[in-house]
Amino acid sequence: MSTADSQKNQVIEDIVKVPQHVAIIMDGNGRWAQLRGKKRVVGHKSGVESVRSSVSAAAKHGVKALTLFAFSSENWQRPEKEVSVLMDLFMFVLTREVKRLHKNGIKFSVIGDLSKFSSKLQKMISDSEALTANNTGMVLSIAANYGGRWDITHAAKKLAEQVVKQEITVKDITEESLHEQTSLAELPELDLLIRTGGDFRISNFLLWQAAYAEFYFTDVLWPDFNEEEFTKAITQFDLRERRFGQTGEQVTNN
Ligand code: IPE
Ligand code: IPE
Ligand code: MG
C-alpha cells in the first residue's frame, strides 16, 4: 500500500460517527462545463465519474444507504435537448454500471414518479432493481423525476385510499403511518445531506426525510467531487452535535 493510501485509510479509521444514510444533491454540472467553454451536457457526462467515486467512498466508510438526486420533477422545464441527453445518459449508465454494483453487493433502487419515463427506461429500472434485490450491502437509491412535495402528496394519497377502503380510519393517520408511505421509509433516517455547486437550498429534495438531517454545503462543482471531498463531508458530520430538540447538556450526559 502506498503512503497516500495508508494515510487515506487512517482518515477513514479516525472517523468515529459515520452517518448511516447520506443523500447528495449533485449540482454544478452545467457550470463546470461552461467554465471550460464546453456544452452543459459535457458536465453531466463528467459527473458520472463523481457518482462512481461517491458510491465507492460511501461503501468504504460503512454508510448503509446513499441517495443521489439525479433529476428533479422541475428539471423537465430545461431545454428539451438537455432533458433527452440526461435520459440517454441515465440509460447508458444503467446498462454499464448495474452489473458492477451487483458484483459489489449493492442494492439498487430508483425513487420518484417513474410513470413519466419511457417504457424502455422503466423496464431497465425494474430489471436493475430485481437483479440487485437480494443484495445485503449498501443501498443506492437514485432520485429521478423526484420531488419532496410529490413524495408527501403520494404518501397522503396512499393513506386516503386505505381510509376509503375502510382498511384504516382517520385516527390511524399518524407521523409514523405517513412516514411508512414515503420513499426510503425502509432505510435508516437521513443523517447527512450534501449539496455541491455552492447553492444553499434543498430544491424540493427529501423534504420529509431531511427533518433532522445535518446539511453540508460545498462550492465544489459536482464533476470535481470525489472520494476526498466525500470524506471531508463525513468528517464534518462527525464533528456536529445533534441535539434533536434537547439541550447540549442533555446530549452530552446521555
Ligand atoms: C446538476 O447540475 C444536474 C442536474 C440537475 C440534472 P446542473 O445541470 O444543475 O448544473 P448547474 O447548476 O446548471 O451548474
Ligand atoms: C437540483 O439541482 C436537482 C438535481 C441536482 C438533480 P437544480 O440545479 O435543478 O436546482 P435549482 O434549480 O438550482 O434549485
Ligand atoms: Mg443546478
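Judged by the 6.0 Å distance and 45° axis criteria, Arg78 is not positioned over the aromatic ring of Trp76.
Taking CD from Glu82 and CG from Leu89, the interatomic distance works out to 11.0 Å, rounded to the nearest 0.5 Å. Separating the OG atom in Ser128 from the NZ atom in Lys123 is a distance of 9.5 Å, to the nearest 0.5 Å. Gln181 CD to Ile173 CD1: the interatomic distance, rounded to the nearest 0.5 Å, is 10.5 Å. To the nearest 0.5 Å, atoms CZ (Phe117) and CE (Met124) are separated by 12.5 Å. Taken to the nearest 0.5 Å, the CZ atom of Arg149 stands 15.5 Å off from the CZ atom of Phe205. Annotation: the span from Lys45 atom NZ to Leu86 atom CG amounts to 10.0 Å, rounded to 0.5 Å.
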Side chain to side chain contact (heavy atoms under 4.5 Å, CB included) evaluation trace for Ser109 with Leu140: CA-CA 6 Å; Ser109 96; Leu140 172 65; over 6 Å; no

Step-by-step side chain to side chain contact (heavy atoms under 4.5 Å, CB included) determination, Val48 to Arg96: CA-CA 11 Å; Val48 176; Arg96 214 183 46 181; 4.1 Å; yes

Intermediate values then yes/no, side chain to side chain contact (heavy atoms under 4.5 Å, CB included), Phe237 and Arg242: CA-CA 9 Å; Phe237 174 83; Arg242 302 180 82 192; 3.8 Å; yes

Test side chain to side chain contact (heavy atoms under 4.5 Å, CB included) applied to Asn204 and Tyr146, step by step: CA-CA 8 Å; Asn204 196 18; Tyr146 178 87; over 6 Å; no

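Around atom CD of Gln162, more than 12 heavy atoms belonging to other residues, nucleotides or ligands sit under 6.0 Å away. Within a 6.0 Å radius of CD in Glu175, other residues, nucleotides and ligands contribute 12 heavy atoms or fewer. Around the CZ atom of Phe215, the shell of radius 6.0 Å holds more than 12 heavy atoms that belong to other residues, nucleotides or ligands. Heavy-atom neighbours of Glu167 CD from other residues, nucleotides or ligands within 6.0 Å: above the threshold of 12. The number of heavy-atom neighbours closer than 6.0 Å to CD of Glu186, taken from other residues, nucleotides and ligands shown, is above 12. More than 12 non-hydrogen atoms from other residues, nucleotides or ligands lie less than 6.0 angstrom from NZ of Lys17. Atom CD of Glu129 sits in a crowded spot, with more than 12 heavy atoms from other residues, nucleotides or ligands closer than 6.0 Å. Atom CG of Asn253 has more than 12 heavy atoms from other residues, nucleotides or ligands within 6.0 Å.
For Asp151 against Gln209, the heavy-atom pair with the smallest separation is OD2-NE2, 3.0 Å. What you find for Gly43 and Pro223 is that their closest heavy atoms are O-CG, 3.7 Å. Across every non-hydrogen atom of Asn226 and Ser53, the tightest pair is CA-CB, 4.0 Å. Scanning all heavy atoms of the two residues, the minimum distance from Pro188 to Lys64 falls at CG-CB, 4.2 Å. The two residues Phe90 and Ala144 have their closest heavy-atom pair at CE2-CB, 3.9 Å. Considering every non-hydrogen atom in both Asn145 and Ser73, the closest pair reads OD1-CA, 3.4 Å.
Asn75 and Ser72 form a side-chain donor-acceptor contact under 3.5 Å, judged by distance and modelled atom types alone. For Ser203 and Glu74, the side-chain atoms include no donor-acceptor pair closer than 3.5 Å.
Counting heavy atoms from C-beta on, the side chains of Leu206 and Leu184 come closer than 4.5 Å. Between Glu241 and Val251, some side-chain heavy-atom pair lies under the 4.5 Å cut-off. With contacts defined as side-chain heavy-atom distances shorter than 4.5 Å, the pair Arg40/Gln34 qualifies. The side-chain heavy atoms of Val51 and Met26, taken from C-beta on, include a pair separated by under 4.5 Å. Contact of the Leu131 side chain with the Phe108 side chain is not registered, since no non-hydrogen atoms from C-beta on lie closer than 4.5 Å. A 4.5 Å side-chain heavy-atom check between Thr67 and His21 finds at least one atom pair inside the cut-off. Looking at Ser141 and Phe69, their side chains never come closer than 4.5 Å, going by heavy atoms from C-beta outward. Considering only heavy atoms from C-beta on, Leu66 comes within 4.5 Å of Val55 through its side chain.
Listed for the Ser177 side chain is a donor-acceptor partner under 3.5 Å among the backbone atoms of Asp172. No donor-acceptor pair under 3.5 Å is formed between the side chain of His102 and the backbone N or O of Thr132. Asp199 places no side-chain N or O within donor-acceptor distance of the main-chain N or O of Arg201, the cut-off being under 3.5 Å. The backbone N or O of Glu227 lies less than 3.5 Å from a partner atom in the side chain of Thr231, making a donor-acceptor pair. For the pair Asn104 (side chain) and Leu101 (backbone), a donor-acceptor distance under 3.5 Å is absent. The closest donor-acceptor contact from the side chain of Asn135 to the backbone of Ile106 lies under 3.5 Å. The closest donor-acceptor contact from the side chain of Thr247 to the backbone of Gln250 lies under 3.5 Å. Looking only at distances, no side-chain donor or acceptor of Glu49 sits under 3.5 Å from a matching main-chain atom of Ser46.
Leu192 and Leu239 sit in two unconnected hydrophobic clusters of ILVMFWY residues. Membership requires side-chain heavy atoms under 4.5 Å apart, directly or through other members. The hydrophobic clustering, which links ILVMFWY residues whose side-chain heavy atoms are closer than 4.5 Å, places Leu121 and Val85 apart. Taken together through direct or relayed side-chain contacts under 4.5 Å among Ile, Leu, Val, Met, Phe, Trp and Tyr, Ile142 and Met91 form part of one hydrophobic cluster. Hydrophobic clustering places Val63 together with Ile194 (ILVMFWY residues linked when any side-chain heavy atoms are closer than 4.5 Å, directly or through intermediates). Hydrophobic clustering (ILVMFWY, side-chain heavy atoms < 4.5 Å, transitive): Ile234 and Tyr216 are in one cluster.
A salt bridge is absent between Lys158 and Glu180: the closest approach of a Lys/Arg side-chain nitrogen to an acidic carboxylate oxygen does not fall below 4.0 angstrom. In this structure, Glu229 pairs ionically with Lys232, as a charged nitrogen and a carboxylate oxygen lie closer than 4.0 Å. The pair Lys99-Glu97 does not meet the salt-bridge criterion, since no charged nitrogen lies less than 4.0 angstrom from a carboxylate oxygen.
Classification of the Phe230-Phe225 ring pair by plane angle, with boundaries at 30° and 60°, yields perpendicular.
For the side chain to side chain contact (heavy atoms under 4.5 Å, CB included) with Thr196, the lone residue among Asn29, Leu221, Asp27, Asp219 that qualifies is Asp27.
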